[in-house]
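Every value quoted in this text rests on a predicted model; they were computed, and no experiment measured them.
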Amino acid sequence: MKRLLSILITVLMVATVFVGCGKDKAASSDKIKVGLSLPTQREERWVRDKAKMEAVAEEMGIELIVKVADANMQEQTTQVEALLNQGIDVLILAPHDASAAASLVEMAKKDDVPVISYDRLITGTDKLDYYLSFDNVKVGEIQGKFISEMVSEGNYIIMSGAPTDNNAKLFKEGAMKYIQPLIDSGKINVIAEQAVENWVPENALKIVEAALAANDNKVDGILAPNDGTAGAAIQALAAQGLAGQVPITGQDAEKSAAKRIMEGTQSMTVFKDTRDLGKAAIEIAVKIAKGEKVETNSAVDNGVVEVPTVSLDAKVVTKDNIKEVLIDSGYMSEDDLK
Ligand code: BGC
C-alpha cells in the first residue's frame with residue numbers, strides 16, 4: 001500500500017513537471033499578475049503607495065509589474081500597452097489625466113482586463129470596474145474649514161491642483177464650501193485664484209510670488225492643495241520675510257511638511273494613509289483575479305456611470321496632534337519631525 005502510494009506520488013510529481021513544461025510561461029508566471037501604472041513619483045506619497053503595494057504583493061505571492069509615467073499621458077499610454085502585452089490579470093491605474101485615461105480603460109477591457117482606478121478617478125467611461133480612493137471632497141472640506149476658521153477675513157490666495165486631475169476639482173469643491181460664504185459676505189477678498197498646472201511646485205511658487213508683488217505683500221491666508229505646492233508657497237513667503245506669518249494649508253503628510261508644521265511655517269496637512277490605500281488595492285486586485293466579491297462602501301459618478309467605490313478616511317494634522325497621528329501610527333519617526 002505504502003509502495004503504491006509512493007509510486008502514485010512520483011507519477012503525480014512527474015506529471016506536474018510535464019504540465020509545467022507544457023506551458024510556454026515559466027512556472028512563476030502562473031501567479032496572479034497585476035499591472036500598476038502610477039502617474040508620478042514626484043510627491044513622496046506616490047513613493048509610499050508604490051512601496052506599500054510592492055510589499056503587499058510580495059506577501060500575498062502575486063506578481064506586480066510597476067510602471068511610472070512622469071506626469072505624461074503619452075508615456076502612461078505606452079506603459080499601459082506594455083503591461084497589457086505582458087498578460088496582466090488586473091490593472092491598477094492612477095491616471096495622469098482623468099479623461100484621457102478613459103481610452104486606456106477601453107483598451108484594457110478589449111483584453112478582458114479589469115481596471116481599478118487608483119486614488120484619482122478616471123472619467124468618461126462606463127468600463128471602469130472599481131474606484132479606490134480617499135473621500136476627496138472631505139479632504140478639501142478639512143482644508144477649507146481649517147483655513148477659514150483660522151483666517152475668517154482678509155486677503156486670500158486660492159490655489160487648486162492640476163486641472164487634469166479629478167481630485168483637484170473635488171479638493172477645491174470641498175474647501176470652497178467653507179470659503180465661498182465668507183467671500184460672498186465680503187469678509188474674504190480673493191487676490192489670486194489659480195490652478196497649479198501638473199501640480200508642479202515651481203508653478204505654485206510663481207503664483208504666490210506674483211500675488212505678493214501685486215498686493216504689496218498683503219496676504220492673510222493661502223489655500224494650497226497639497227504639501228508640494230504649500231512648500232513652494234512658503235518659499236515665496238520666506239523670500240519676503242513672511243514665512244510663519246501667513247496661515248497655509250497642505251495635504252499628504254510629507255516629511256518636509258511635517259517639519260514645517262513643527263517649525264510653524266505650515267499650518268496643517270491632511271493625512272491620507274497610503275499604507276491602507278496600497279494594501280486595499282492589491283487585495284481588491286487579487287479578489288477580482290480570483291473572481292471573488294469585492295466589498296465597496298460608496299459609488300462615485302465619473303460623468304457616465306456610478307463607479308463602485310472603496311473610500312477611505314482622511315485626517316487633519318496640526319502641531320497639536322502630529323505626534324499622535326503620524327508618529328504613533330508608525331507613518332513617521334520622531335527624527336522625521338526634526
Ligand atoms: C493626490 C494627492 C497628490 C496630488 C499630486 C492627487 O491626485 O490625491 O495626494 O498630492 O495628486 O500628486
Side-chain angles (χ1 to χ4, degrees), residues 38 40-60 92 94 118-120 132-150 161 167 170-171 174-175 178 199 201 222-231 233-234 243-244 247-284 295 297-298 309-338:
L38 291 172
T40 178
Q41 289 283 278
R42 285 189 208 173
E43 287 85 14
E44 184 179 296
R45 67 143 296 176
W46 295 110
V47 177
R48 287 182 179 262
D49 292 69
K50 176 171 172 284
K52 184 64 189 183
M53 285 192 262
E54 283 168 343
V56 176
E58 173 139 20
E59 268 165 43
M60 293 182 79
I92 302 172
Y118 184 83
D119 190 74
R120 299 176 174 176
L132 168 65
S133 190
F134 295 90
D135 182 339
N136 296 304
V137 174
K138 174 88 181 297
V139 170
E141 286 172 2
I142 293 174
Q143 295 171 325
K145 182 172 190 293
F146 182 94
I147 194 82
S148 62
E149 280 175 2
M150 205 163 166
N167 283 347
L170 303 180
F171 300 146
Y178 289 87
W199 291 100
I222 303 180
L223 180 75
N226 72 348
D227 289 341
T229 53
I234 292 163
I248 175 165
T249 59
Q251 162 182 199
D252 284 342
E254 289 189 354
K255 287 179 183 169
S256 52
K259 286 194 179 82
R260 291 192 296 265
I261 290 175
M262 292 308 285
E263 73 190 21
T265 53
Q266 185 171 326
S267 318
M268 59 88 80
T269 187
V270 180
F271 177 45
K272 304 188 297 186
D273 199 332
T274 49
R275 296 170 301 188
D276 294 342
L277 197 71
K279 184 163 185 275
I282 299 298
E283 286 172 353
I284 293 172
E295 301 287 343
N297 58 10
S298 47
T309 297
V310 175
S311 169
L312 307 183
D313 261 345
K315 282 191 192 127
V316 65
V317 180
T318 63
K319 207 172 186 170
D320 291 340
N321 70 355
I322 196 165
K323 293 223 165 78
E324 175 194 322
V325 181
L326 299 182
I327 311 289
D328 296 353
S329 68
Y331 204 66
M332 275 178 207
S333 68
E334 290 272 358
D335 278 351
D336 290 327
L337 300 188
K338 288 177 195 149

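Taking Gln41 as the reference, nothing meets the side chain to side chain donor-acceptor pair (under 3.5 Å) condition, with sequence neighbours excluded. Taking Glu54 as the reference, Lys50 meet the side chain to side chain donor-acceptor pair (under 3.5 Å) condition, with sequence neighbours excluded.
Considering Val137, Asn226, Val139, Asn136 in turn, Asn136 is the only one that fulfils the side chain to side chain contact (heavy atoms under 4.5 Å, CB included) rule with Asn167. Of the options Leu277, Asp227, Thr40, a side chain to side chain contact (heavy atoms under 4.5 Å, CB included) to Arg45 is made by Leu277 and by none of the others.
Leu312 CG to Asp276 CG: the interatomic distance, rounded to the nearest 0.5 Å, is 6.0 Å. Summarising the geometry, atom CG belonging to Asn321 is positioned 10.0 Å from atom CE belonging to Met268; distances are rounded to the nearest 0.5 Å. In this structure, CD1 on Ile234 lies 9.5 Å from OG1 on Thr229, to the nearest 0.5 angstrom. Within the model, atoms NZ of Lys323 and OG of Ser329 stand 13.5 Å from one another, a figure rounded to the nearest 0.5 Å. With rounding to the nearest 0.5 angstrom, the CD1 atom of Ile284 is 4.5 Å from the CG atom of Leu132. Residue Phe171 holds its CZ atom at 11.5 Å from OG1 of Thr249, rounded to the nearest 0.5 Å.
At least one side-chain heavy atom of Tyr331 sits less than 4.5 Å from a side-chain heavy atom of Thr274. For the pair Pro247 and Phe146, the minimum side-chain heavy-atom distance is 4.5 Å or more. Within the 4.5 Å cutoff, the side chain of Asp135 has no heavy atoms near those of the Glu141 side chain.
No more than 12 heavy atoms of other residues, nucleotides or ligands lie within 6.0 Å of CD in Glu58, so this atom counts as exposed by the packing criterion. Sparse packing is recorded around NZ of Lys279, with 12 or fewer heavy atoms of other residues, nucleotides or ligands lying under 6.0 Å away.
In this structure, Ala253 and Met332 approach most closely via the heavy-atom pair O-CE, 3.1 Å. The two atoms that bring Tyr118 and Ile92 nearest to each other are CB-CG2, 3.6 Å, heavy atoms only. Closest heavy-atom contact between Met60 and Ile282: SD-CG2, 3.9 Å. For the pair Met53 and Ala281, the tightest heavy-atom approach, listed with the atom from each and the gap, is SD-CB, 4.0 Å. Here the closest non-hydrogen pair linking Arg48 and Lys255 is NH2-CE, 3.7 Å. Here the shortest heavy-atom pairing between Leu223 and Gln143 reads CD1-CB, 4.0 Å.
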Exercise for the section: I would like to know whether Asp252 and Glu44 meet side chain to side chain contact (heavy atoms under 4.5 Å, CB included); could you show each step before the answer? Expected result: CA-CA 8 Å; Asp252 284 342; Glu44 184 179 296; over 6 Å; no
Exercise for the section: Before giving the answer on salt bridge (Lys or Arg N to Asp or Glu O under 4.0 Å), spell out for Asp335 and Lys338 the whole-Å C-alpha distance, their side-chain angles and the decisive distance to 0.1 Å. Expected result: CA-CA 5 Å; Asp335 278 351; Lys338 288 177 195 149; 3.1 Å; yes
Practice task
May I have the step-by-step check of side chain to side chain contact (heavy atoms under 4.5 Å, CB included) for Ile327 and Glu334, ending in yes or no?
Solution key: CA-CA 7 Å; Ile327 311 289; Glu334 290 272 358; 4.3 Å; yes
Practice task
Please assess Glu254 against Thr269 for the test side chain to side chain contact (heavy atoms under 4.5 Å, CB included), listing each intermediate value before the final yes or no.
Solution key: CA-CA 8 Å; Glu254 289 189 354; Thr269 187; over 6 Å; no
Practice task
Given side chain to side chain contact (heavy atoms under 4.5 Å, CB included), test Tyr178 with Glu149 step by step and report yes or no.
Solution key: CA-CA 9 Å; Tyr178 289 87; Glu149 280 175 2; 5.6 Å; no
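No donor-acceptor pair closer than 3.5 Å links the side chain of Ser133 to the backbone N or O of Arg120. Formation of a donor-acceptor pair under 3.5 Å by the Gln251 side chain with backbone atoms of Val270 is not found in this model. The backbone N or O of Arg275 lies less than 3.5 Å from a partner atom in the side chain of Asp273, making a donor-acceptor pair. A distance-only check finds a donor-acceptor pair linking the side chain of Lys319 to the backbone of Met262 [under 3.5 Å]. Checked by atom type and distance alone, the side chain of Thr309 never pairs as donor or acceptor with a backbone atom of Ser311 at under 3.5 Å. In terms of modelled atom types and a separation under 3.5 Å, the side chain of Gln266 and the main chain of Gly231 share no donor-acceptor contact.
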